[in-house]
Amino acid sequence: MLSETASSIFQLSEEQLAVRDAARDFAQSELWAGVIERDEHQKFPAEQVKKMAELGFMGMMVSPEYGGSGLDTVSYVLAMEEISKVDASCSVIMSVNNSLVCWGLEKYGTEEQKQKYLPRLCSGEIIGAFALSEPEAGSDATSQRTTAEDKGDHYLLNGTKNWITNGTTASVYLVVAQTNPELKHRGINVLIVDKGMEGFQHGPKENKLGIRGSDTCSLMFTDVKVPKENRIGEDGFGFKFAMQVLAGGRIGIASQALGIASGALELSLKYAKERKAFGVPISQHQAIQFKLADMATNIDAARLLCLQAAADKDAHQDYAKSGAMAKLFASKVAMDTAVEAVQIHGGYGFVKEYHVERMMRDAKITQIYEGTSEIQKIVISREILK
């Protein structure tokens, strides 16, 4: 539940509150059922994603002109939190489609590219993926080994990408590749690659610690012929494109972390009021009260950081620092809160049926993907030292 403090500071509109409530209702009614099974069996939530699209959650910030909901980033943060409270696998699918794929295409794509892909991405007909990381290029995004050789009217794409969310289920991939190595990061391009292009294959799903309902895999490109019209932006724009979409993507992942934390707190509050020890509910024991107090305080602080970053983005202000701060802090809060939630649940917290062990496993990745916590500190320090 959004705190009164955040509501008053940000003066959420009726539309924003309606979006939050719709996301909450969807998460509670559609995602709780089967979430443990999807996690255990690494089952992609195909039906749930389709329903998210029907509600407008797969293209939230895309203009209605291209089939999107035309909403602001604050609304996106509110929806991400509610969905992440229940199923972080669903929320990361939503986040990648919104932040890394749709936003980048609408902001920097040609009119033809936007017309071709955005309506289908927003409607859920297709899902998008963003391919930056490689076996030897994770945090160091400048060290791209995947190459896009300029052949005049097309590029010849070769290389391997790792850790690609929506990797096996996506139909369109934004692939970062090096065209002019002598120019280093200024020689990088981003190409739109369609599933089914000759020479393009994906590996098996990774067997992950958390967000197991989301499919993650490697991508392999062998002499994939990509038309020149599939390049986003001018020649050499790729690295800047990647940094821009990741800056916005951090707001989405910060919101995911926030949702995991607030979901863990809600379960802990409920359990603490029901579980008795020494003749009274454990919520009456100061040891538990102090844990809950710390959890609630940190979650409110994380929420304010997420909303600040979203507000900065909506106001067209520089959100590099606020987005990095939100992700750095919210991801730590997610991990710390989930661990404490397991502790509060005691032995029950160690079994799947009570959900908090899954939340603890899901929380860890928020400190790693779309820029590790260490990378966020680099971004923040650069911004404050300017």
- Query: Should S218 and K161 be marked as a side chain to side chain contact (heavy atoms under 4.5 Å, CB included) after you check the CA-CA gap, both sets of side-chain angles, and the distance that decides it?
  - Reply: CA-CA 5 Å; S218 296; K161 294 293 182 180; over 6 Å; no
- Message: Could you go through T179 and D150, starting from their C-alpha distance and side-chain angles, then the distance that decides it, and tell me whether this counts as side chain to side chain donor-acceptor pair (under 3.5 Å)?
- Response: CA-CA 7 Å; T179 298; D150 193 334; over 6 Å; no
- Stepwise side chain to side chain contact (heavy atoms under 4.5 Å, CB included) test for M58 and M94: CA-CA 6 Å; M58 294 298 280; M94 171 181 160; 4.3 Å; yes
- Task: Begin with the C-alpha distance, continue with both residues' side-chain angles, and end with the deciding distance and a verdict on ring pair (Phe, Tyr, Trp, His ring centres under 6.0 Å) for Y117 and Y66.
- Result: CA-CA 9 Å; Y117 294 107; Y66 302 110; over 10 Å; no
- Query: Hey, mind stepping through V175 and V224 against side chain to side chain contact (heavy atoms under 4.5 Å, CB included) and telling me if it holds?
  - Reply: CA-CA 12 Å; V175 181; V224 180; over 6 Å; no
- Query: Could you walk me through whether S283 and Q289 pass the side chain to side chain donor-acceptor pair (under 3.5 Å) check?
  - Reply: CA-CA 6 Å; S283 60; Q289 291 172 349; over 6 Å; no
- Query: Can K352 and R358 be said to form a side chain to side chain contact (heavy atoms under 4.5 Å, CB included), step by step?
  - Reply: CA-CA 7 Å; K352 294 183 181 298; R358 171 174 52 83; over 6 Å; no
- Under the salt bridge (Lys or Arg N to Asp or Glu O under 4.0 Å) rule, what do E229 and R231 come out as? Steps first, then yes or no, please. CA-CA 5 Å; E229 58 263 31; R231 186 185 72 204; over 6 Å; no
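For the pair K184/T142, no side-chain contact is recorded, criterion being any heavy-atom separation below 4.5 Å from C-beta on. Residues S139 and E374 are not in side-chain contact: their nearest non-hydrogen atoms beyond the backbone lie 4.5 Å or more apart. For the pair S268 and E340, the minimum side-chain heavy-atom distance is 4.5 Å or more. Two residues are said to be in side-chain contact when any heavy atoms from C-beta on lie closer than 4.5 Å; Y76 and W103 fail this criterion. When side chains are defined from C-beta on, L121 counts as touching L105, because their heavy atoms get closer than 4.5 Å. When side chains are defined from C-beta on, Q367 counts as touching K332, because their heavy atoms get closer than 4.5 Å. Inter-residue side-chain proximity for K151 and L156 is flagged as met; some heavy-atom pair is nearer than 4.5 Å. The side-chain heavy atoms of I282 and Y271, taken from C-beta on, include a pair separated by under 4.5 Å.
Checked against T73 for a side-chain contact (heavy atoms from CB on, under 4.5 Å), the options L78, D314, N98 give a single hit: D314.
Enclosure of atom CD in E15 is not indicated, since only 12 or fewer non-hydrogen atoms of other residues, nucleotides or ligands lie within 6.0 angstrom. Around atom NZ of K228, more than 12 heavy atoms belonging to other residues, nucleotides or ligands sit under 6.0 Å away. For K114, the NZ atom counts as densely surrounded, since its 6.0 Å shell holds more than 12 non-hydrogen atoms of other residues, nucleotides or ligands. In the displayed structure, Q115 atom CD is contacted under 6.0 Å by more than 12 heavy atoms of other residues, nucleotides or ligands. Within 6.0 Å of NZ on K205 lie more than 12 heavy atoms contributed by other residues, nucleotides or ligands. Environment of CD in Q317: crowded, with over 12 heavy atoms of neighbouring residues, nucleotides or ligands closer than 6.0 Å. Atom CD of E14 sits in a sparse spot, with 12 or fewer heavy atoms from other residues, nucleotides or ligands closer than 6.0 Å.
The backbone N or O of T110 sits less than 3.5 Å from a side-chain atom of Q113, completing a donor-acceptor pair. Judged by distance alone, the side chain of K327 and the main-chain N or O of G371 form a donor-acceptor pair under 3.5 Å. No donor-acceptor pair under 3.5 Å is formed between the side chain of R38 and the backbone N or O of E40. Between the side chain of N158 and the main chain of T147, no donor-acceptor pair closer than 3.5 Å is present. Within the 3.5 Å criterion, the main-chain N or O of I192 finds a donor-acceptor partner in the side chain of N230. Not one N or O on the side chain of S99 forms a donor-acceptor pair closer than 3.5 Å with the backbone of V96. Of the possible polar contacts, none joining the R20 side chain to the Q16 backbone as a donor-acceptor pair under 3.5 Å is found. Put simply, the side chain of S75 never gets that close to the backbone of L71: no donor and acceptor are under 3.5 Å apart. With hydrogens and angles disregarded, no donor-acceptor distance shorter than 3.5 Å links the side chain of H41 to the backbone of R212. S89 contributes a side-chain N or O that, together with a main-chain N or O of G213, makes up a donor-acceptor pair within less than 3.5 Å.
Hydrophobic clustering (ILVMFWY, side-chain heavy atoms < 4.5 Å, transitive): L269 and Y354 are in one cluster. If you chain together hydrophobic residues whose side chains sit under 4.5 Å apart, V62 and L174 fall into the same group. V339 and I288 sit in two unconnected hydrophobic clusters of ILVMFWY residues. Membership requires side-chain heavy atoms under 4.5 Å apart, directly or through other members. One hydrophobic cluster, built from ILVMFWY side chains closer than 4.5 Å, holds both I36 and I260. Note on L157 and F130: separate hydrophobic clusters, where clusters join Ile, Leu, Val, Met, Phe, Trp and Tyr whose side-chain heavy atoms are under 4.5 Å apart, directly or indirectly.
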Would you tabulate the side-chain donor-acceptor contacts of residues 242-256 under 3.5 Å, counting partners in other chains and residues two or more places apart, or write 'none'?
from, atom 1, to, atom 2, distance (Å)
R250, NE, E370, O, 3.4
R250, NE, Q376, OE1, 3.3
S255, OG, I251, O, 2.7
Q256, OE1, Y369, OH, 2.5
Q256, NE2, A88, O, 2.9
Q256, NE2, S91, OG, 3.2
Q256, NE2, Y369, OH, 3.2

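Between R145 and E136 a salt bridge is recorded (basic side-chain N to carboxylate O distance below 4.0 Å). Salt bridge annotation for E383-K321: absent, with no cationic side-chain nitrogen under 4.0 angstrom from a carboxylate oxygen. In this structure, R361 pairs ionically with D39, as a charged nitrogen and a carboxylate oxygen lie closer than 4.0 Å. Ion pairing of E266 with K85 is present here, as a side-chain N (NZ or NE/NH1/NH2) and a carboxylate O approach within less than 4.0 Å. At a threshold of 4.0 Å, the pair K51-E47 does not count as salt-bridged, since none of the basic side-chain nitrogens sits closer than that to a carboxylate oxygen.
Among all heavy-atom pairs drawn from N166 and G128, the shortest one is ND2-O, 2.9 Å. Counting all heavy atoms, side chain and backbone alike, F239 lies closest to I188 at N-CG2, 3.8 Å. Smallest separation of non-hydrogen atoms from A334 and T366: CB-OG1, 4.3 Å. Smallest separation of non-hydrogen atoms from G203 and T168: O-CG2, 4.0 Å. The two residues I93 and F44 come nearest to each other via the heavy atoms CD1-CE1, 3.4 Å.
With hydrogens and angles left out, the side-chain atoms of S133 and N162 include no donor and acceptor closer than 3.5 Å. Between T216 and K208, the side chains place a donor N or O and an acceptor N or O closer than 3.5 Å (distance only, hydrogens not considered). Counted by atom type alone, D294 and T297 present zero donor-acceptor pairs between their side chains at under 3.5 Å. Looking at N180 and R186, their side chains never bring a donor and an acceptor atom within 3.5 Å of each other. No side-chain donor from either of N189 and Q178 sits under 3.5 Å from a side-chain acceptor of the other.
The cationic atom of K195 (NZ for Lys, CZ for Arg) does not lie both less than 6.0 Å from the six-membered ring centre of Y173 and within 45° of the ring axis.
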